[in-house]
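Each remark here refers to the structure printed beneath this line.
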Amino acid sequence: MTNHWIDLRNSDCILIIGSNAAENHPISFKWVTAAMTRANNPAKLISVDPRFTRTSSKADIYAPIRSGTDIAFIGGMIRYILNDMQSLSRTERAEKYNLTYLTQYTNAALIIHSEFEGWKDPTHPGLFVGFTENTNPAPGNLGGYSKSKWGYADAGSPDTDAALLGNNWTNWSDLNPKCVLRLLWENYEDFTPEMVEKVTGCPQSTFEQVCEAYAATGAPGKAGTIMYAMGTTQHTYGTQNIRGYAILQLLLGNIGVAGGGINALRGTSNVQGSTDMCLLSHILPGYLSVVNHKLQTLEQYVDTVGRKGKAPVVPKGLAGDKSASWWWLSESAQNYKKYLVSLLKAWWMDNATEENDFCFNYLPKINAGQDADYTHIGTFEAVAKGIVKGMMVWGQNPAVGGPDAEGERKALEKLDWLMVTDLFETETAAFWYRDGADPGSIGTEVFLLPAACSYEKQGSISNSGRWAQWRYKALDPIGEAKSDLAIVDALVLKLKEKYAGETGPKADPINQLYWDYHTEGEYADEADPNKVALEIHGYYTKDVGDKKKGDLVTNFVSLATDGSTCSGNWLYSGMFTTDGRNKAKDRDPVDASLNQIGLYSGWSWCWPINRRIIYNRASVDLDGSPWDDIHPVIAYQEGSHNPATNTCKWLGDIADGGWSPIAVSKNDGKPAYLPFIMQNEGVAHIWGPGRAEGPLPVAYEPWESPLETNLVTGVPAQLDESPKGMPGFNDPCCYVGDLGGMNQRGRPNWEDPTNGFNCVGTTYRVSEHWQAGQMTRNHPWLIELQPQPIAEMGEELADDVGVKNGDIVKVVTARGSIEAVAVVTKRFRRMTIGDKQVDHVGVPWHWGYKGLSKGISPNGSSGNVLTPHVGDANTTIPEYKTFLCRVEKA
Amino acid sequence: MAHHEVERFSAGARLFHWTVTITAIVLAITGLFLWVPAFGSLAEDSYSRIIHRVAAVILVAAPLLFFISRPGRALHFVKYIFTWGKDDIEWLKAAPDYYFGGDEKKMPPQGEMNTGQKLWSLVAFLSVIGFVVSGAIMWFAKASIPAELFLWVTIIHDLCFIVSASMTLVHLYLGAIHPRMTESLKSMLKGKVSVEYAKHHHGKWYAEISKGKETDNKQAPSTH
Amino acid sequence: MELSRRDFLKFSGVATAGGLAAAKMLEAQPVSAESLDLELSKPIGEVPTICCYCGVGCGAIAAADADKVINIEGDPDHPINQGSLCSKGQALAQMRTVNGKDNPNRLTKPLYRAPYSTEWEVIEDWDTALDMIADRIKKTRDETWLDKIDVGGTSYTVNRTDGIAEFGGGELDNEECYLLAKMARALGLVYLEHCARI
Amino acid sequence: MAKAILFDSTKCTACRGCQVACKQWNNLEAEETVNTGTYENPPDLSSRTWLKMRFIEPPDGDGKVWLFSRRACMHCTEAGCVKVCPTGAVYHHEEGFVAYNKDICSGCGYCVDACPFDVPRMVGSTLTGKKKMEKCVFCADRVANEEKPACVKTCPTGALIYGERTEMVDLAEQRVSKLAADGVDAQLYGKDELDGLHVLYVLAHSPKDYKLPVNPEVSPSVTLWQDILKVMGYAAVGAVAGGLLLNYMVARARMVKEKEGK
């Protein structure tokens, strides 16, 4: 979340899309309801979902869309806003939209490479310039782009469109043909309400209501927020869905302001923290890039990802004339290097010296390029191929949660050994005696370790709003269970024993690993989470000035490139005060923010340095005054500008960089810092060339689509010719997996529906269960509420297949089938898409074959038995949310 | 008087009477718990309900056993209490004067049961039927009948109680307390009354038994 | 004692009233056993914890004995949830305690499944379990270790193993995630993922 | 002062925190259920389920209405259960809600039939015949200790609030007029029903659509029994007893006279 939960109450319009917040983040509705029921200007709630959910039941406007058509919908909204902007008079335009924000704080006015060609170019329909198809069979990406023509015309110092900056235009032709805003218009020009209805199934009138309500948040001082979750991300173009939201929010000036933002609703209590700690293949703690084989030395790494990758770029002609690009900041700061060196120090401590490159080579290096996928999908393919032979699983249940779950279960049979740590026996741990498996032919050794539950241990977790909150221990773990911390601690100490005496590149990283977490008393024999937290925050590794070795650093600003500091994760550097107070334990219930907008900065701590709303410099105008007087996030204190440092006193939240406001710095002849301090350009990306499949989202069809032609791009599906998928019909860069041939692609068959997959299937969660269910399916109170897997479908479909409410039905895809209880409802309606009548079938994916509540079919009725091993072009997140299926009476 | 006694109640009849008496008292008391909130705590943990049901089974079983073992006598009794004549009307008219003032002038001679006893027997007979039928419904059909109907059935049960309880007081009083009914209680305890008492209170009956030598067979049933 | 009709009526009136008066006494409600100074049937709890389910991060307070949870409910001081919890949060107690006893499905000892075996065996002590696991990790790591790779004729140091994957962490504490990352990277793991990606 | 719970259906998201909170605080065991084609479960109130949320999809709707309603004791002022309870086990708490003293519950089950909302449930052993009534107790212990009832405390959206009944009525009326101004056919349920319920409902449709009885009333049989029959019974017994006493005195006086006269 750019913002945080309580901030939802400051919103004027809440757009929930790709999320069912009322069911999956129920307490968020405390603040959604607060916004909707406040006395003055109550907020409007919009729910966009294929299914009318508990969230929709509370919405002012419910917009049904076909699963997987978010870009068409959002693109239509973007078109509506652009069209509105263009047709208004200049004065009205400035009243209705925050043009200063749009032009000064985003890259809307920047000029793109002259040879850039959009997806409508007839020589490459549906594709941007620079595409090459991958002709190798799956697994692999469908294709890839050379992005050389996607950048700014002048990469180091981009030009801007003066007419746009000066609000001095009437027609699109008044703008530079390669100006971002004009390219944006051209990208979405065809996304008319008629087209939106045709593609998404959302009635035009409803769609227009949504546009009108949401566009109203574009006025200065108004804020609209987007709440999204896995309904957005779990598509082959999930990242582009989010890009669509980002563009929409930037057009409306909704990022950085109270009641605005793009808010990813994290589904797991600490998935924010675990991501911050980067238990992910592509990053190291603090979102530092993982090392690839081309980066052989620390200097090469720093030079490539830091110096070059994060070099400040300053657009010409903007009021702000300095870009922080915080990751690097400057040759004297070298933040990227500081963070990595401090990480290496925390890991190898005294063994990491300037002379040995701070043990840089102890970090494993992946293969650069696209020839290996190390993400979830790629990992399971490596397991299936026998590359990965051993697996440690800590509180995760891929046998239920992974795509093509039966395929992943089968892949596990190839492992030599598997270690699972969990509270309950999971489907993953029990894969070897699941239905259909023959234990006698499975040679995998399996260890199942009993873990402590959340209140049987202590430690911090970070919620979706980035608040790191300490949770305490209420009682000792059950039986002989141990906290994961104690287990990993004991395991590493064991490994150190095993490697004792060995030397060389294999043994050194283990033997030299700094590992010292036991303390007096309660934690004499196991790791003390308090001590681990101190290492994450960071301390001095030698005496520096008035700081002694062991003194805590103030925050990441104190970190150094010379190895004099350590910090396990720079983002969390700042969680402690220098005298050792753990701010994650702070419990000041008073909201001391400006106008009490609900920041509660004294309650717990959030990264970075307790900034509750990130990008908050965008919430003020050039003079530092909030756009919204009622909900000010930060405000420049008049007269506080310090000419020496070019900083000032900001009231309210921790400002995104302490520099003085743009106009104040400028008046003083000082560098005026642009607001988006993490971006190289200092402005936000309406144009986002970093994505795999294009700088702007295009409405592609899901990997399995009921259509024969992409109604937006006009590219035909060509199912038989392109078994992997068709670039331009499908996302051209999506990852198509292959789990030993099990990942079949389903096709519609409109002539003989019993022989084809004509229904759009989707997976989701119910409020009463959680993720892969290993915990909640062992809670009698929750099983009572939702005892069995269900398959929700509309009445029209149920009639067609002769299914009545409560019947057991079979949902079949090309991967497999599950049985579930039919919930026949008006909340799923048949849609007319192009010339097809499309029905949806929805299945929760919580169930499996272990626990108190099991599925109906022996495979556990896990929804993911149905889903394909196909992933997003940028993240390879699996396409869980859209696939083709058919329903049969069981 | 002891030398001149006639048998009025057989041992079986007395056993029956006292069984029913005790059962009825138990039923009344345990039932009263549900009437009188002040006694509510005594109904704790459903003990009174269980006792009430055990007693109810006895109350049903006792007449059935009596009927099985002595069907003729039982039928006679039923027929008897439903047979009303002119004398009965006369008796009812005369009764207040007699029971208050002891004025016997207008009292017609009575059979083995006088009209008052007959009336009591009739009330007892009918209210037991009412109790049993409504009670059985409450016991066995609670779940299967509409809530509203159930409540009306309880009202029938209660009405039976009000009527039978009031009459029981009268019965008790006349049988054991009224100054003139000196031998009534004794008869139900020991089975015999003095000839004098029999003549005086049940003239017709005494005439019958002394004439016909029919002894046990035609004894009055278990009521006063 | 003579009795006129009038006296009789009077007397019966008094008698009836007496019956009703008795009734009134008998009908009086028993004194409330649950009056306002009632004690709480169990402690509400004082140990602050954060719900382990979704990313909202609601505060809860727990009351527990040495071996069982007595109560867990929302933390009223918590600014986000202000005491409220959803169905899952309200059921937190059952993670440990169901109907006053340990949740029977919780794992309490390390378990081991030997190759081709049809059953779990209990490993009596942690040390043995971790020793066995460390042996497996070392063996696989050593066998699959890559010092260098060759790309287009050039040798590159990579110091990694492709033979071991690590999953998980979204439900763990930050400190746990951090140590897992530290261990994984020190082991040279590149297949490192958790539920943020799925 | 009478307290009340205000349930605002327009704010309820049916997260069912309340349903579990009720079980959590009151130590009620889970039931074994099956899915019958609805999110709603358990199917009905029971001795172990004192509160459940209803999920209602109007059969003639357009699929854009999903109503959620609370099903639990309404804590009526004119409470059939209190009225009918023979032992006084069910009674009005001084704060207006319907409490019960399990210790003196005889298990007669009359309250089950007397409730116009079909709320109380009996639980017992078939072996011993022991039975007890169970229903929402308004978390009497919590309320007495200035804690909100468990269901109210856990409600995220303010769909459940708790306080002085008069205040709750005011709030509900304000909410209804606000909703009405927005074109919602809103209404307040429970203000006057049965002399005032202590659970008030703000509804966006007719009570019928929420499966609430439109004009709930306590069966006349309850009134007949408690207010007429019982009184009659006492009167009858009193009258009979009095008559007999009188008779005794008169008859005895007469006999004494007779003896003297002899």
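Per chain, numbering begins at 1; letters A, B, ... match sequence-line order. Since the structure is predicted, the reported quantities are computational estimates derived from the model, not experimental observations.
In terms of non-hydrogen atom pairs under 4.5 Å with chain D, the most contact-rich of A:V821, A:N805, A:L785, A:I27 is A:L785. Counting heavy-atom pairs closer than 4.5 Å to chain D, the top-ranked of the candidates A:I783, A:D807, A:T33 is A:T33. Heavy-atom pairs under 4.5 Å with chain A were tallied for D:A159, D:G17, D:G61; the largest tally goes to D:G61. Between chain A and the options D:N35, D:V34, D:D62, the largest number of non-hydrogen pairs under 4.5 Å is found for D:N35. If you tally non-hydrogen atom pairs under 4.5 Å between each of D:P58, D:G37, D:G158 and chain A, the highest count goes to D:G37.
A:Q837 and A:T832 form a side-chain donor-acceptor contact under 3.5 Å, judged by distance and modelled atom types alone. Side chains of A:D49 and A:S56: a donor-acceptor N/O pair is absent below 3.5 angstrom, by distance only.
Using cut-offs of 30° and 60° on the angle between ring planes, the pair A:H769 and A:H846 is tilted. Between D:F138 and D:F97, the ring planes lie parallel to each other; the angle is under 30°, not in the 30° to 60° tilted range. Aromatic ring orientation, D:Y210 versus D:H205: tilted (interplanar angle from 30° to 60°). Ring geometry for D:Y189 against D:F117 counts as perpendicular: the plane angle is over 60°, on a 0 to 90° scale with 30° as the lower cut.
Residue D:L67: no heavy atom, backbone or side chain, is found under 4.5 Å from chain A. For chain A, the nearby parts of D:Y39 are the backbone and the side chain; heavy atoms of each come within less than 4.5 Å. For A:E795, no part lies under 4.5 angstrom from a heavy atom of chain D. Interface residue D:E29: only backbone heavy atoms are found under 4.5 Å from chain A. Contact annotation for A:R54: both backbone and side-chain heavy atoms come within less than 4.5 Å of a heavy atom of chain D. D:E32 does not touch chain A: none of its heavy atoms, backbone or side chain, sits under 4.5 Å away. Of the atoms belonging to A:T825, heavy atoms from both backbone and side chain fall under 4.5 Å from chain D.
The only member of D:E146, D:E164, D:E167 that meets salt bridge (Lys or Arg N to Asp or Glu O under 4.0 Å) when paired with D:K3 is D:E164. Between A:H840 and the options A:E792, A:R66, A:M793, a side chain to side chain contact (heavy atoms under 4.5 Å, CB included) holds for only A:R66.
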